[in-house]
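Shown below is the structure under consideration.
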Amino acid sequence: MSVVRIEHVYKDYLLGDQKVQALKDITLSFDPGVFLAIAGPSGSGKTTLLNLIGCIDAPTSGRIYINDADVGGKTADELADLRNRAIGFIFQTFNLLPVLSAAENVEYPLLQRRDVPPGERRKRVDHFLDVVGLSRFAGHRPNQLSGGQRQRVAIARALAILPSIVLADEPTANLDHNTGEEILALMKDINRAFNTTFIFSTHDDRVIAKADRLVRVEDGQVSVLGVRADDKWYLVRQTADGQAAADGLET
Ligand code: ADP
Ligand code: MG
């Protein structure tokens with residue numbers, strides 16, 4: 001089983017009458033539980049790729065499978081339901097609702113879930129605020145929290161739906177170096193503890209160094225696939241079905 005499978009995906013944007021090819025023939029497949037960095041310079045297609053995996057946007061052509069289900073044929077309502085159940089989002093600018101407390105921000109995505117009753121909602125809010133070390137700040141509004149604390153709230157919010165995948169678009173880009181390291185370490189702890197798949201974009205080599213899988217994109221194409229084992233990176237090549245086959249090449 002793969003948690004995410006992408007087959008020959010292209011994404012074009014229209015800018016006036018100009019076509020921008022943001023992604024060109026991307027084929028990838030990831031096992032559940034990976035801690036994956038999507039790396040590449042600004043404009044290389046990282047956000048576009050995350051938005052497609054997160055079913056926020058649809059490819060121009062090609063197929064995307066989440067937990068082995070093809071998302072191509074789904075209606076807007078079905079996609080919203082998939083996002084609400086399976087995919088947690090973390091953003092560079094935290095995207096917390098400023099008028100809500102930390103606890104209310106964590107609770108927010110659960111309000112769309114009729115299958116999660118109020119008692120269970122409160123339990124999850126308490127639990128995940130505790131997981132990110134913010135129980136004492138439950139009543140604080142975002143503007144009463146530091147950047148690192150805000151990102152912790154965003155992580156708790158992403159986890160509250162018990163997602164199979166957490167997508168994070170440059171989650172440390174607005175944080176100082178030490179705080180960024182703490183946030184990454186927290187994500188890694190959660191990845192290990194719950195086997196939650198994390199897919200995060202970055203252009204920071206120190207962030208890449210924390211990943212166990214690497215996809216480097218350049219100009220909308222995959223330029224490098226890497227697997228880290230025993231603290232060493234191994235380059236891998238892609239086979240036609242998107243599975244990574246190790247070449248045993250050390251970087
Ligand atoms: P990254 O996240 O790596 O900086 P993006 O995925 O945001 O890259 O962008 C990839 C390419 O697609 C860039 O050339 C960018 O200008 C273009 N692009 C992204 N979003 C849009 C959009 N909504 N409309 C037009 N072009 C876009
Ligand atoms: Mg981006």
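These numbers come from the heavy atoms of this one structure, side chains and all, not from hydrogens, waters or symmetry mates.
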Practice task
Measure the shortest side-chain to side-chain distance between S223 and R216 over non-hydrogen atoms and say whether it is less than 4.5 angstrom.
Solution key: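 Result yes, sub-4.5 Å side-chain heavy-atom pair found.
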
Handout entry: N67 versus S164, side-chain donor and acceptor atoms under 3.5 Å
Key =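 Yes, N67 and S164 have a side-chain donor paired with an acceptor closer than 3.5 Å.
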
Exercise for the section: Answer yes when K210 and E181 have at least one side-chain N-carboxylate O distance shorter than 4.0 Å, and no when they do not. Expected result: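 Counted as a salt bridge, because a side-chain N and a carboxylate O are separated by less than 4.0 Å.
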
Problem - Any donor-acceptor pair under 3.5 Å from E182 side chain to G148 backbone - result: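 No, because the side chain of E182 does not come within donor-acceptor range (under 3.5 Å) of the backbone of G148.
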
Exercise for the section: State, yes or no, whether a side-chain contact exists between I199 and T197 at a heavy-atom distance under 4.5 Å. Expected result: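 Yes, their side chains come closer than 4.5 Å.
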
Practice task
Would you check if there is a donor-acceptor pair between the side chains of T75 and D77 at a distance under 3.5 Å?
Solution key: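 Side chains of D77 and T75: no pair found under 3.5 Å.
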
Practice task
Please answer whether the main-chain N or O of D219 pairs with a side-chain N or O of K24 as donor and acceptor at a distance below 3.5 Å.
Solution key: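 A pair under 3.5 Å: yes.
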
Problem - Side chain R157, main chain N105, donor-acceptor under 3.5 Å - result: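 No, the answer is negative, given that no donor and acceptor are paired below the 3.5 Å cut-off.
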
Problem - Heavy-atom side-chain contact between D169 and I90 under 4.5 Å - result: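 They are not in side-chain contact.
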
Practice task
With side-chain contact (heavy atoms from CB on, under 4.5 Å) as the test, would you mind laying out the steps for Y108 and L97 before giving the verdict?
Solution key: CA-CA 9 Å; Y108 191 76; L97 290 165; 3.9 Å; yes

Handout entry: Lys/Arg cation over aromatic Y65: R5, 6.0 Å, 45° cone
Key =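 The answer is yes; both the distance and angle limits are met.
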
Exercise for the section: In sequence, state the C-alpha distance, the side-chain angles, and the governing distance for I66 and I165, and then conclude on side-chain contact (heavy atoms from CB on, under 4.5 Å). Expected result: CA-CA 9 Å; I66 303 294; I165 313 167; 3.9 Å; yes

Exercise for the section: Determine, for K188 against D212, whether the closest basic-nitrogen to carboxylate-oxygen distance falls under 4.0 angstrom. Expected result: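 Salt bridge: yes.
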
Exercise for the section: State whether the side chain of R141 and the backbone N or O of V99 hold a donor-acceptor pair below 3.5 Å, judged by distance alone. Expected result: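 Checked: pair present.
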
Handout entry: Gap separating the CZ atom of F35 from the CG atom of N195, nearest 0.5 angstrom
Key =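 If we round to the nearest 0.5 Å, F35:CZ and N195:CG are 12.5 Å apart.
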
Exercise for the section: Answer yes when R206 and D204 have at least one side-chain N-carboxylate O distance shorter than 4.0 Å, and no when they do not. Expected result: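 Yes, this pair counts.
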
Exercise for the section: Spell out, as yes or no, whether a donor-acceptor pair under 3.5 Å connects the side chain of D176 to the backbone of N178. Expected result: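 Yes, the answer is positive, given that a donor and an acceptor are paired below the 3.5 Å cut-off.
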
Practice task
Describe, in one word, how the ring planes of F137 and H140 are oriented to each other, choosing from parallel (under 30°), tilted (30 to 60°) and perpendicular (over 60°).
Solution key: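 Ring orientation, 0 to 90° scale: perpendicular.
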
Problem - Residues D70 and R63 bridged, charged N to O under 4.0 Å - result: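 R63 and D70: salt-bridged.
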
Handout entry: Flag, side chain of E104 to backbone of S101, donor-acceptor distance under 3.5 Å
Key =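 Yes.
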
Problem - Separation between CZ of F91 and CD of Q151, rounded to the nearest 0.5 Å - result: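 CD of Q151 is found 10.0 Å from CZ of F91.
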
Handout entry: Gap separating the CD1 atom of I64 from the CG atom of L52, nearest 0.5 angstrom
Key =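 That separation rounds to 4.5 Å.
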
Practice task
Please lay out, stage by stage, how D25 and Y10 fare under the test side-chain contact (heavy atoms from CB on, under 4.5 Å).
Solution key: CA-CA 5 Å; D25 199 11; Y10 290 75; 3.3 Å; yes

Exercise for the section: For the pair R83 (side chain) and C55 (backbone), establish whether a donor and an acceptor sit closer than 3.5 Å, ignoring hydrogens and angles. Expected result: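 The answer is yes, because a donor-acceptor pair under 3.5 Å joins these two groups.
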
Problem - Whether S2 side chain and F30 backbone form a donor-acceptor pair below 3.5 Å - result: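 Flag not set: sc S2 to bb F30 has no pair under 3.5 Å.
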
Handout entry: Backbone N/O of Q149 and side chain of S146: donor-acceptor pair under 3.5 Å
Key =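 Between the backbone of Q149 and the side chain of S146 there is a qualifying donor-acceptor contact (under 3.5 Å).
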
Practice task
Using a 4.5 Å cut-off on heavy atoms from C-beta on, say whether the side chain of F94 contacts that of N174.
Solution key: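 With C-beta onward as the side chain, the pair touches.
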
Handout entry: Within 45° cone and under 6.0 Å: K11 NZ/CZ vs Y13 ring
Key =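 Yes; both conditions hold, so K11 lies above the ring face of Y13.
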
Exercise for the section: Apply the test side-chain contact (heavy atoms from CB on, under 4.5 Å) to residues R85 and D115: give CA-CA distance (whole Å), side-chain angles for both, the deciding distance (0.1 Å), then the verdict. Expected result: CA-CA 10 Å; R85 284 166 190 282; D115 58 320; 3.3 Å; yes

Problem - Pairwise side-chain contact, V207 with E170, heavy-atom cut-off 4.5 Å (strictly under) - result: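 Not touching, per the 4.5 Å side-chain cut-off.
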
Exercise for the section: Answer yes if the side chains of T48 and N51 hold a donor-acceptor pair under 3.5 Å, and no otherwise. Expected result: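 No donor-acceptor contact under 3.5 Å links the two side chains.
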
Practice task
Taking R228 for its side chain and A211 for its backbone only, find out whether a donor-acceptor pair lies under 3.5 Å.
Solution key: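 Indeed, once roles are kept as given, a pair shorter than 3.5 Å links the two residues.
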
Exercise for the section: Before accepting this row, confirm whether a basic side-chain N of the pair D31/R213 lies closer than 4.0 Å to the acidic partner's carboxylate O. Expected result: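 Answer for the salt bridge query: no.
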
